[in-house]
Undergrad: 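To start, I am sharing the structure in question, which I have written as structure tokens.
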Amino acid sequence: MKLWLMKSEPDVFSIQDLARDRTTTWEGVRNYQARNFMRDDMKVGDLVLYYHSNADPSGVAGVARVAKLAYPDPTQFDPKSEYYDEGSPKDDPRWLMVDVEFVEAFDEVVSLDRLKSDKALDGMLVIKKGQRLSVQPVEKKHFARVLKLAGAKTKL
DNA sequence: GCCAACGTTGGC
DNA sequence: GCCAACGTTGGC
């Protein structure tokens, strides 16, 4: 099983929204590197750190799980969608998404500050300056450490 | 709201 | 293929 971190702005869709809905489609990824991770490496059952970006505070807010393998993101073909991509071929869709299901919401967000100050998380992608990838792999030791910092119920 | 960092676009 | 201009992300 691989481990991931996925970013979402809580004003748009938070871990609490996911807790309510139980599952969601992860539409709107428009970055090739992020798409490739979803397409090539994500498997059903993979665990995901659910990261709140542009938040107060920003940080890891809970855990989710990949519920469906990558498949074409329909919003790329919808002219009314903010994610519309005129250049995406119908017979070879450029953008993919996965489905994600709720696992756990942390009592308290593990803030970016906390992540940065923890020696055990040295090298974790999300704390690197200028790191904008919205879907990124997480090392097992880092994932486990975040769970510990959060006092999470989820175990690896 | 500002702006640094990064990705994409398009002229050449 | 280079790189300047532009758009986006996301912390602050």
Undergrad: If only atom types and distance count, is the side chain of Ser8(A) paired as donor or acceptor with the main-chain N or O of Phe13(A) below 3.5 Å?
TA: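 Yes; at least one donor-acceptor contact below 3.5 Å.
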Undergrad: Quick one: how far along DNA chain B does chain A reach, first to last nucleotide 5' to 3', anything under 4.0 Å to a heavy atom?
TA: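 Contact boundaries, 5' end first: dA5(B) to dT8(B).
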Undergrad: State yes or no: do Tyr51(A) and Val138(A) share one hydrophobic cluster built from I, L, V, M, F, W and Y residues joined by side-chain heavy-atom distances below 4.5 Å, directly or via other members?
TA: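 Looking at the clustering, Val138(A) is in the same group as Tyr51(A).
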Undergrad: Take the angle between the ring planes of Trp95(A) and Tyr32(A) and call it parallel below 30°, perpendicular above 60°, tilted in between.
TA: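 Judged by the thresholds at 30° and 60°, the geometry between Trp95(A) and Tyr32(A) is tilted.
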Undergrad: When you compare the side chains of Ser88(A) and Gln76(A), does any donor N or O come within less than 3.5 Å of an acceptor on the partner?
TA: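 Note: Ser88(A) and Gln76(A) side chains meet the donor-acceptor criterion.
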Undergrad: Are the side chain of His142(A) and the backbone of Gly123(A) linked by a donor-acceptor contact shorter than 3.5 Å?
TA: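 A pair under 3.5 Å: no.
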Undergrad: Both Lys129(A) and Asn54(A) contact DNA chain B. Taking the nearest nucleotide for each, which residue is further toward the 5' end?
TA: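 Residue closer to the 5' terminus by nearest nucleotide: Asn54(A).
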Undergrad: NA contact type, Lys116(A), heavy-atom cut-off 4.0 Å: base, sugar-phosphate, or nothing?
TA: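 Sugar-phosphate: the residue Lys116(A), judged by heavy atoms under 4.0 Å, touches backbone atoms but no base.
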